[in-house]
Visitor: 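Pasting a structure here, questions to come.
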Amino acid sequence: MALLVQKYGGTSVGSVERIDLVAAKVAAARERGHQIVVVVSAMSGETDRLLKLARSVDPRPQPRELDQMLATGEQVTIALLAMALARRGVPARSYQGWQVAIQTDQAYSKARIRNIQTERLLADCKAGTVPVVAGFQGVDEAGNVTTLGRGGSDTTGVALAAALKADECQIYTDVDGVYTTDPRVEPKARRLDRITFEEMLELASLGSKVLQIRSVEFAGKYKVPLRVLSTFQEGPGTLITLEEHSMEEPLISGIAFNRDEAQLTVSGVPDRPGIAAAILGPIGEANIEVDMIVQNVGADGTTDFTFTVHRNDHERAVEIARRVAQELRAKGVRSAVDIVKVSLVGVGMRSHAGIAAKMFRVLAEEGINIRMISTSEIKISVVIEDKYLELSVRALHKAFDLAESRIV
Ligand code: ASP
Ligand code: MG
């Protein structure tokens with residue numbers, strides 16, 4: 001018998017029929033002798049609808065009141081699922097965050113979980129009752145309702161699994177696992193049986209939207225075995241674990257890409273100490289996150305300074321860069337939004353040289369120009385023109401044999 005936390009996402013509870021399907025799955029897992037604690041999201045589209053409603057009253061709603069309202073989406077689905085379970089003869093009780101209690105800090109709309117009281121949930125499990133807990137929400141010290149940020153139900157699931165010392169946290173969603181890359185770009189993309197937390201973290205932060213990044217960090221920190229599976233299709237899904245597997249360790253686990261970046265270049269900057277700080281300081285002060293940074297040394301005592309930001313921050317970043325360029329007497333500022341970042345991810349890179357060279361060769365053979373490169377221990381990213389996204393992903397997927405199934 002295992003204690004499992006099962007989290008069902010918005011599409012899995014998107015209609016009463018689907019909620020009943022979830023109830024059937026929970027009932028079946030219980031039949032197999034497992035203790036189940038369920039976490040659910042709001043019905044798909046509901047959180048967006050509530051957000052729009054709030055913004056129609058005030059474009060910048062009061063954070064406390066916004067969280068108060070957004071938390072209602074999950075309040076509906078927990079109660080509906082508990083009803084559906086009861087109709088199937090499975091005793092169940094729904095809980096909002098504050099009823100558990102899931103205690104958080106006071107940062108509305110991005111609250112962090114501090115502590116989870118497990119007594120009620122454990123008592124339910126012991127009595128054979130299935131607790132159904134609202135994802136995405138908690139309560140601060142003063143009793144205010146808080147929310148954990150978009151996609152936060154994943155984090156609720158993982159945090160509950162950690163607090164309850166569950167055997168596994170199962171994230172049920174509308175895809176049947178984590179893939180080597182986005183199947184919409186490369187139809188030969190393959191589901192991975194396993195992936196490490198580190199790799200998953202890279203893939204998630206590089207734009208694969210299967211799991212909220214914070215939930216993966218949390219799972220890694222507390223060593224919660226995490227599995228991504230489909231609600232609608234039987235299968236083992238993808239297990240996210242600590243272990244780096246056997247000798248068969250693949251070099252590359254996946255290819256991620258991110259279409260949400262913009263590139264800025266401040267050209268002809270006098271090459272002297274303090275330049276990077278002078279350019280990036282004001283960008284950081286404006287709360288704009290910088291991703292990749294490259295500085296070239298010119299022969300004439302000047303340098304070009306290139307960096308990327310989120311596309312939503314593009315215009316603001318250009319404005320700031322122009323101002324700084326003027327102050328520094330730089331030549332000017334160029335920017336591009338027709339770019340994409342493509343990244344290879346794999347813990348196998350640690351012990352193998354030559355992966356970057358192979359990546360660059362593959363791109364060169366396709367006539368794809370690389371505009372920026374950055375590397376870490378388990379990742380190589382390049383910025384290229386966005387029209388080459390599909391071509392580059394497919395060429396790399398083939399060159400690194402990602403379509404071939406492997407032994408784990
Ligand atoms: N309902 C929230 C959202 O849409 C939380 C979640 O689904 O994880 O972001
Ligand atoms: Mg989600």
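Just so it is clear, the values below take in all heavy atoms, side chains as well, and ignore hydrogens, waters and symmetry mates. Order of listing sets the numbers, starting from 1, for every ligand and every atom in it. When a residue number appears, it is its place in the shown sequence, counting from 1.
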Visitor: As an exercise, identify every atom of ligand 1 less than 4.0 angstrom from a heavy atom of Arg150.
Guide: 3 (C), 4 (O), 9 (O)

Visitor: Without swapping roles, check the side chain of Ser343 against the backbone of Ser381 for a donor-acceptor pair under 3.5 Å.
Guide: no

Visitor: Determine the sole option in Gln263, His314, Glu261 for which the side-chain hydrogen bond (donor to acceptor under 3.5 Å, both in side chains) test with Thr308 is passed.
Guide: Glu261

Visitor: Please say whether Lys7 places an N or O atom under 3.5 Å from an N or O atom belonging to ligand 1.
Guide: no

Visitor: Should the pair Lys358 and Phe400 be classed as cation-pi, given the thresholds of under 6.0 Å to the six-membered ring centre and 45° from the axis?
Guide: yes

Visitor: Which ligand 1 atoms, with their elements, are less than 4.0 angstrom from a heavy-atom of Ser41?
Guide: 6 (C), 7 (O), 8 (O)

Visitor: Ligand 1 versus Glu74, non-hydrogen atoms closer than 4.0 Å: side chain, backbone, both, neither?
Guide: side chain

Visitor: Yes or no on side chain to side chain contact (heavy atoms under 4.5 Å, CB included) for Gln96 and Gln137, after CA distance, side-chain angles and deciding distance?
Guide: CA-CA 8 Å; Gln96 288 172 255; Gln137 56 177 265; 3.5 Å; yes

Visitor: Is it the case that ligand 1 has an N or O less than 3.5 angstrom from some N or O of Asp154?
Guide: no

Visitor: In residues 80-95, what donor-acceptor pairs under 3.5 Å come from side-chain atoms, sequence neighbours left out?
Guide:
| from | atom 1 | to | atom 2 | distance (Å) |
| --- | --- | --- | --- | --- |
| Arg88 | NE | Asp20 | OD1 | 3.3 |
| Arg88 | NH2 | Asp20 | OD2 | 3.0 |
| Arg93 | NE | Tyr95 | OH | 3.1 |
| Tyr95 | OH | Asp124 | OD2 | 2.6 |

Visitor: Could a heavy atom of Gly152 be found less than 4.0 Å from some atom of ligand 1?
Guide: yes

Visitor: Suppose I only count heavy atoms of Ser153 and a 4.0 Å limit; which atoms of ligand 1 are within that range?
Guide: 5 (C), 6 (C), 7 (O), 8 (O)

Visitor: Using 0.5 Å steps for rounding, measure from the CG atom of Leu203 to the CG atom of Leu211.
Guide: 10.5 Å

Visitor: Would Gly151 count as a contact of ligand 1 if the rule is a heavy atom under 4.0 Å away?
Guide: yes

Visitor: Between ligand 1 and Gly149, is the shortest N or O to N or O distance under 3.5 Å?
Guide: no

Visitor: Distance-only criterion, 3.5 Å: show the donor-acceptor pairs between side-chain atoms of residues 389-396 and protein atoms not counting sequence neighbours.
Guide:
| from | atom 1 | to | atom 2 | distance (Å) |
| --- | --- | --- | --- | --- |
| Ser392 | OG | Tyr388 | O | 3.0 |
| Ser392 | OG | Leu389 | O | 2.9 |
| Arg394 | NE | Val185 | O | 2.7 |
| Arg394 | NH2 | Val185 | O | 3.0 |

